Amino acid sequence: MNNFTFYSPTYFVFGKRTENEAGHYVKRFGGTKVLIHYGGGSVLRSGLLDRVKASLDKEGVPYVELGGVKPNPRSGLVYQGIDLCRKENVDFVLAVGGGSVIDSAKAIAAGVKYEGDFWDFFEGKPIEAALKVGTILTIAAAGSEGSGDSVITKEEGMYKRGAGSEHLRPVFSILNPELTQTLPAFQTACGAADIMAHVFERYFTNTKEVEITDRLCEAVLLTMVKEVPRVIEDPNNYDARANIMWAGMVAHNNLVGVGREQDWSSHSIEHELSALYDVAHGAGLAVIFPAWMTYVMHQNVNRFAQIAVRVWGCQMNFENPEETAKEGIKRLKNFFKSIGLPTNFEELGAKEEDIPKMVEKMQLGENGSCGQFVKLKAKDVEAIYRLAL
Ligand code: NZQ
Ligand code: ZN
């Protein structure tokens with residue numbers, strides 16, 4: 001196991017009707033004027049926004065509002081949010097929605113405290129300060145409620161990039177699984193794929209002797225394999241929703257990833273798909289991950305066989321572990337299919353002729369590669385897109 005530090009100071013409030021405590025927690029964490037940030041309308045339709053406002057009113061906390069965050073959130077609205085916060089002397093950003101709303105809120109929070117262009121942070125400048133952010137989560141997926149990351153798309157050129165900092169960790173996150181019951185089945189499934197992908201990015205590692213985090217990763221995956229079909233079958237299954245919601249947090253606050261090298265190339269490869277076609281991040285991951293696994297499997301066939309046995313219940317073939325590894329990838333693909341996700345370019349609406357463009361736009365590291373498990377060059381990324389056709 002590698003050396004590590006782990007600091008995850010978010011205060012979680014989990015369970016039924018907890019959104020009614022939003023005002024209390026804003027006050028407790030020092031907010032005196034709030035920007036309520038939300039998406040395209042689901043929080044209006046469900047009545048959640050009204051409940052959050054009532055909770056702030058009850059505590060006497062003033063607020064301004066900014067809605068309209070799109071999935072794959074855009075820089076344009078972040079600039080608007082920064083201006084509004086400055087004009088109104090806002091000191092707390094309350095994100096009410098999914099990963100897109102939370103990420104947009106984080107970008108605003110960092111931008112307000114910075115004199116330059118907030119996009120600098122998404123090109124690598126360290127974030128040194130940010131307004132406090134709280135979240136009320138409405139979809140189990142991105143894990144942004146417990147992470148220090150934000151992913152934003154810049155409209156000029158449609159560049160989708162991430163920034164990370166301890167300053168971006170929400171001070172509190174309210175997780176009420178009831179709020180996820182209004183999700184369309186497809187969004188539930190996309191969220192599930194993202195949660196599982198966050199585990200895979202950590203599971204496939206070259207670090208040795210990481211039994212504890214291997215087992216924690218497997219626990220999250222086994223939970224998803226059991227609970228996701230239950231909510232697809234019955235969207236109102238509170239207990240299954242609750243398990244998935246907490247799994248989404250655990251998958252990405254890095255508890256299951258400390259002390260081990262992590263990969264993250266599939267996320268970079270997917271971000272080009274969602275930037276170009278504006279598809280849901282989780283849908284893109286369902287297409288990319290099986291292709292990536294097939295391409296890099298020979299780096300450590302036994303690790304792929306291990307997950308096949310422990311998570312997918314495959315029989316270990318000791319003479320030919322590659323067969324077991326392949327069977328595991330096949331079962332993952334079938335699982336994605338069974339919950340209504342695309343597993344190839346055509347089903348996603350992506351086009352073969354765009355592959356060179358996506359490869360060219362991809363952000364490769366200093367040595368011209370991405371990922372850690374296998375360091376992928378541009379030609380490898382292209383091969384993975386082609387495997388996903
Ligand atoms: O905009 P509204 O009307 O709210 O509709 C949303 C949106 O259309 C809808 N929705 C959310 N909660 C709902 C609901 N509809 C009905 N009932 C509810 N309870 O679902 C749609 C998707 O929402 P979005 O916020 O985009 O989903 P998600 O949480 O999957 O976030 C995706 C974004 O997060 C980024 C992705 O790249 C993508 O941009 N990620 C952020 C990460 C992070 N900050 O740590 C890590 C992830 O790997 C990911 O990259
Ligand atoms: Zn993700």
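Order of listing sets the numbers, starting from 1, for every ligand and every atom in it. For the single chain, residues carry numbers from 1 onward in sequence order. These numbers come from a predicted model, not from an experiment. Values below: all heavy atoms of this structure, side chains included; hydrogens, waters and symmetry mates excluded.
- Judged by the 6.0 Å and 45° rule, K361 forms a cation-pi pair with Y159.
- N344 contributes no side-chain N or O that, together with a main-chain N or O of V287, makes up a donor-acceptor pair within less than 3.5 Å.
- Residue-level proximity to ligand 1 for H267 is carried by the side chain, the only part with a heavy atom below 4.0 angstrom.
- The nearest protein heavy atom to atom 45 (O) of ligand 1 is closer than 4.0 Å.
- Residue V171 is tested with Y11, Y25, F92 for a side chain to side chain contact (heavy atoms under 4.5 Å, CB included); the sole match is F92.
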* To do: Might you work through the salt bridge (charged side-chain N to carboxylate O under 4.0 Å, His left out) test for K357 and D354, ending with a clear yes or no?
  => CA-CA 5 Å; K357 194 175 6 173; D354 291 331; 3.7 Å; yes
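- Within the structure, ligand 1 has H198 among the residues with a heavy atom less than 4.0 angstrom away.
- No donor-acceptor distance shorter than 3.5 angstrom exists from the side chain of N317 to the backbone of E323, with no hydrogens or angles considered.
- Around the Zn ion (ligand 2), the protein contributes the following N, O or S atoms at distances under 2.8 Å: D194 OD1, H198 NE2, H267 NE2, H281 NE2.
- Here I102 has no heavy atoms under 4.0 Å from ligand 1, in either its backbone or its side chain.
- The ligand atoms of ligand 1 that sit less than 4.0 angstrom from a heavy atom of G39 are 1 (O).
- The proximity of D103 to ligand 1, defined as any non-hydrogen pair under 4.0 Å, is limited to the side chain.
- Residue contacts with ligand 1 leave out V43, since none of its heavy atoms falls under 4.0 Å from the ligand.
- Looking at K106 next to ligand 1, no N or O pair under 3.5 Å apart turns up.
- Between E322 and M297, the closest side-chain pair of non-hydrogen atoms falls below 4.5 Å.
- Heavy atoms of A140 stay at 4.0 angstrom or farther from ligand 1.
- Evaluated by nearest non-hydrogen atom to atom 7 (C) of ligand 1, the leading choice among P235, P71, G164, S104 is P71.
- Distances from atom 10 (N) of ligand 1 to the heavy atoms of I139, T180, L183 put L183 nearest.
- Contacts between H271 and ligand 1 below 4.0 angstrom, taking non-hydrogen atoms only, involve the side chain exclusively.
- Here H252 and W246 keep their ring centres 6.0 angstrom or further from each other.
- The nearest heavy-atom contact from the protein to atom 2 (P) of ligand 1 is G40 N, 3.4 Å.
- Of the polar atoms of W264, none of the N or O atoms is found under 3.5 Å from an N or O of ligand 1, judged by distance alone.
- Think of M316 as one node in a network of Ile, Leu, Val, Met, Phe, Trp and Tyr side chains linked at under 4.5 Å; its network also takes in V309, F318.
- Residue T182 approaches ligand 1 through these ligand atoms, each under 4.0 Å from one of its heavy atoms: 16 (C), 17 (N), 18 (C), 19 (N).
- Contact annotation for A142 and ligand 1: heavy atoms of both the backbone and the side chain come within less than 4.0 Å of the ligand.
- Near G41, with a cut-off below 4.0 Å to any heavy atom, the atoms of ligand 1 are 3 (O).
- The number of heavy-atom neighbours closer than 6.0 Å to CD of E156, taken from other residues, nucleotides and ligands shown, is above 12.
- K70 does not count as a contact of ligand 1, since none of its heavy atoms falls under 4.0 Å from the ligand.
- Annotation: cation-pi pair K154/F122 absent, no NZ/CZ under 6.0 Å from the ring centroid and within 45° of its normal.
- Between F200 and F289, the ring center distance clears the sub-6.0 Å criterion.
- For atom 21 (C) of ligand 1, the choice among Q187, E178, R74 with the nearest heavy atom turns out to be Q187.
- Remark: R303 fails to qualify as a cation-pi partner of F204 under the 6.0 Å distance and 45° angle criteria applied to the six-membered ring.
- Ligand 1 is approached by K160 to a heavy-atom distance shorter than 4.0 Å.
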